[in-house]
Student: 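Sharing a structure, written as structure tokens. Questions coming.
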Amino acid sequence: MNPYLAGIGLGLVLLAAFVIMGRGLGASGAFSTLVSVGVAKVAPEHASGNAFYGQYLASESNPFKDWLVFEVIGVFVGGFLSGVLAGRIKRSTEKGPSISVRSRLTFAFLGGGLMGFGAKLARGCTSGQALTGGALLNVGSWAFMMCVFAGAYALAYVMRRQWQ
Amino acid sequence: MNAPFFKFGLFNDEVSLIVAVVIGIGFGFFLERAGFGSARKLAAQFYFTDMTVLKVMFTAIVTAMLGVYFLSVLGFVDLSLVYLTPTNLMPQVVGGLLLGFGFVIGGYCPGTSCVSAATGRTDGWVYLGGIVAGILVFGEAFPLIETFYNSTPMGQLTLAQLTGIPYGILVFAVVVMAIGAFMAADWGEKVMAAKKGGKA
């Protein structure tokens, strides 16, 4: 799809979230709930003594009855539907021609780890901060967005063998 | 009619979860449409060969920004009821840099890795595993970094409040900046394509 059309589509979805819910989009928050519930299952006292896990376990009934958890389930469904319609569902690993699958997956795990840690420190990721806060002219979100691009471009040369 | 609808009690929490799934489907659909299920497509942004990430992101920001601004000027949406994440400048700067490193190392961000996993990419699933591990490390380290996490608090703050420039003027400035960025992106892609063609 033309990138500007896809951008308008994404923007209208975000606008719908503002108008209907009074909040923006998110992604990493759902995984915080998952991690917090997991920790609480394994070590309940440890989890309840930790302020970070605590905020995701506050709901008295079921912590998974959370807006972002349901939204992210939707993201999986929507991505799958679009992939089916475009014939893009394929068991594969995305990588450049000069790197092995094993190395690529190691980098994927490492990158995901940095992303998970960074997103929590920044109070959101590309969806919750850059897109949502960007459209609301949020000061922290714009500072965050500039730093995401700065960080990625700073390491791009080092990582070039993985992609090119 | 008053919006945001949920904040005016037009529907309850249970219904809000159905809304969440529908909005999520739209979000995932357009991420996949943009080609963001592919780490190579996303990473190409950082080598100036394919600037789709910048184009999609800024078009989305401009669309939602203009929409919510005009709806608030018309009195349809109460912008003060749309949740604004509080700014804590230093942790957001450091977190942003870490996210940028993670983006070019792993090839995704959280939302796009969900779409990648949903379309069968192994690296997308592994990346999601990495996110879970990263959040777990953050959670375990939280007592040690809590002070930094809460440092440099500026509260819920818009660029208009920070600079004193009227909101509408800033909206216009972002639109102008985005158009400039789109033109620069198209030019960059042409330069890189010519360079590649010259090599081959």
Side-chain angles (χ1 to χ4, degrees), chain A residues 1 3-4 6-11 13-15 18-23 27-28 35 52 67 70-71 74-80 82-83 89-91 93-94 105 108-109 111-118 120-122 125-127 134-135 137 139-140 144 147-148 151-152 155-156 159 163, chain B residues 3-4 6-7 17 20-21 24-26 28-30 32-34 39 43 46 52 55-56 59-61 63-65 67-68 81 83 87 91-92 95-106 109-111 114-115 118-120 122-123 126-127 130-131 133-135 138-139 142 157-159:
Chain A
M1 188 185 262
Y4 299 115
I8 290 172
L10 216 51
V13 172
L14 178 55
L15 181 60
F18 288 153
V19 172
I20 300 170
M21 290 303 303
R23 62 171 298 159
S28 63
V35 169
F52 173 73
W67 201 85
F70 278 73
E71 188 238 55
V75 171
F76 273 89
V77 175
F80 181 74
S82 169
I89 306 288
K90 207 174 82 189
R91 204 94 199 100
T93 296
E94 292 281 335
L105 293 181
F109 189 82
L114 282 170
M115 179 73 71
F117 191 95
K120 290 306 103 187
L121 196 57
C125 58
T126 339
S127 336
L137 302 181
V139 172
F144 165 85
C147 289
V148 172
L155 268 196
M159 296 311 299
W163 305 114
Chain B
F6 182 64
K7 298 285 170 81
L17 296 180
V21 175
I25 289 175
F29 186 88
F30 283 110
E32 208 287 332
R33 283 287 119 166
F46 306 117
T52 304
K55 291 176 188 171
V56 172
T59 308
I61 289 173
T63 303
M65 175 188 71
V68 83
L81 294 178
Y83 182 72
T87 293
Q92 288 184 305
L97 288 171
L98 287 176
L99 230 110
F101 297 159
F103 206 152
V104 76
I105 292 172
C109 60
C114 295
V115 169
T119 50
T122 311
D123 50 326
V126 172
Y127 192 91
I131 291 178
I135 295 175
F138 182 87
F142 191 70
L157 185 68
T158 66
L159 289 167

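Fair warning: this is a prediction, and the values are worked out from it, not measured in the lab. The sequence lines fix the lettering, A, B, ..., with proteins before strands; numbering per chain opens at 1.
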Student: Below 4.5 Å, heavy-atom pairs only: which of A:Gly74, A:Cys125, A:Pro3 has the largest tally toward chain B?
Tutor: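 Answer, by heavy-atom pair count under 4.5 Å with chain B: A:Gly74.
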
Student: So which of B:Gly26, B:Ala64, B:Ala34 has the largest heavy-atom pair count under 4.5 angstrom toward chain A?
Tutor: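 When all of B:Gly26, B:Ala64, B:Ala34 are compared, B:Ala64 has the most.
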
Student: Rounded to the nearest 0.5 Å, what's the gap from CH2 on A:Trp67 to CZ on B:Phe6? Could you check?
Tutor: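 Output value for this atom pair is 10.0 Å.
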
Student: Nearest heavy-atom pair of B:Val68 and A:Ala135: which atoms, and what distance?
Tutor: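 Taking every non-hydrogen atom into account, CG1-O, 4.4 Å.
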
Student: Determine the option with the most heavy-atom pairs under 4.5 angstrom with chain B, choosing from A:Arg91, A:Arg23, A:Met21, A:Met1.
Tutor: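 Most heavy-atom pairs within the cutoff with chain B belong to A:Met21.
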
Student: When A:Phe117 is tested against each of B:Leu98, B:Leu99, B:Ile135 for side-chain contact (heavy atoms from CB on, under 4.5 Å), which residue passes?
Tutor: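 Of all the options given, the one that passes is B:Leu98.
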
Student: Which residue out of B:Thr87, B:Leu97, B:Val104, B:Val56 racks up the most heavy-atom pairs below 4.5 Å with chain A?
Tutor: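 Winner by heavy-atom pair count: B:Val104.
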
Student: Are B:Phe46 and B:Phe103 close enough, and set up right, to give a side chain to side chain contact (heavy atoms under 4.5 Å, CB included), and what steps lead you there?
Tutor: CA-CA 10 Å; B:Phe46 306 117; B:Phe103 206 152; 3.9 Å; yes

Student: Check whether any side-chain heavy atom of B:Val21 lies under 4.5 Å from a side-chain heavy atom of A:Glu71, and answer yes or no.
Tutor: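 Result no, sub-4.5 Å side-chain heavy-atom pair not found.
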
Student: Count the heavy-atom pairs under 4.5 Å between each of A:Cys147, A:Ser82, A:Ala152, A:Ser28 and chain B, then report the option with the highest count.
Tutor: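 Between A:Cys147, A:Ser82, A:Ala152, A:Ser28, the count favours A:Ser82.
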
Student: What residue, out of A:Leu114, A:Val139, A:Ile8, has the most heavy-atom pairs lying under 4.5 Å from chain B?
Tutor: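 When all of A:Leu114, A:Val139, A:Ile8 are compared, A:Val139 has the most.
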
Student: Measuring only between side-chain heavy atoms, which start at C-beta, is B:Glu32 closer than 4.5 Å to B:Thr119?
Tutor: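 The answer is yes; the side chains approach within 4.5 Å.
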
Student: Top residue by heavy-atom pair count (under 4.5 Å) with chain B, among A:Leu14, A:Leu137, A:Val148, A:Leu105?
Tutor: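 Of the candidates given, the most pairs with chain B belong to A:Leu137.
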
Student: In terms of heavy-atom pairs under 4.5 Å, which option from B:Thr63, B:Thr52, B:Leu17 contacts chain A the most?
Tutor: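 It is B:Leu17.
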
Student: Is A:Met115 close to B:Phe101 at the side-chain level, that is, under 4.5 Å between some pair of heavy atoms?
Tutor: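 Answer no - side chains too far apart.
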
Student: If I measure from the heavy atoms of chain B, does A:Val35 come under 4.5 Å with its side chain, its backbone, both, or neither?
Tutor: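 Contact with chain B involves the side chain of A:Val35 alone.
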
Student: Using every non-hydrogen atom in the two residues, find where A:Leu10 and B:Ala60 come nearest and quote the distance to one decimal.
Tutor: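 Residues A:Leu10 and B:Ala60, closest heavy atoms: CB-CB, 3.9 Å.
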
Student: Check whether the ring centres of B:Phe138 and A:Phe52 lie less than 6.0 Å apart, and answer yes or no.
Tutor: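 When the ring centroids of B:Phe138 and A:Phe52 are compared, they turn out to be within the sub-6.0 Å range.
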
Student: For B:Ala133, is it the side chain, the backbone, both or neither that has a heavy atom under 4.5 Å from a heavy atom of chain A?
Tutor: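 The answer is the side chain of B:Ala133.
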
Student: Looking at A:Phe80, A:Phe76, A:Phe144, which makes the most heavy-atom pairs under 4.5 Å with chain B?
Tutor: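 Result: the option with the highest number of such pairs is A:Phe76.
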
Student: Which bit of B:Leu81 is near chain A, if near means a heavy-atom gap under 4.5 Å: side chain, backbone, both or neither?
Tutor: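 Looking at B:Leu81, just its backbone touches chain A.
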
Student: Between B:Ile131, B:Thr122, B:Thr158, B:Ile105, who has the most heavy-atom pairs with chain A when the cutoff is under 4.5 Å?
Tutor: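 Result: the option with the highest number of such pairs is B:Ile105.
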
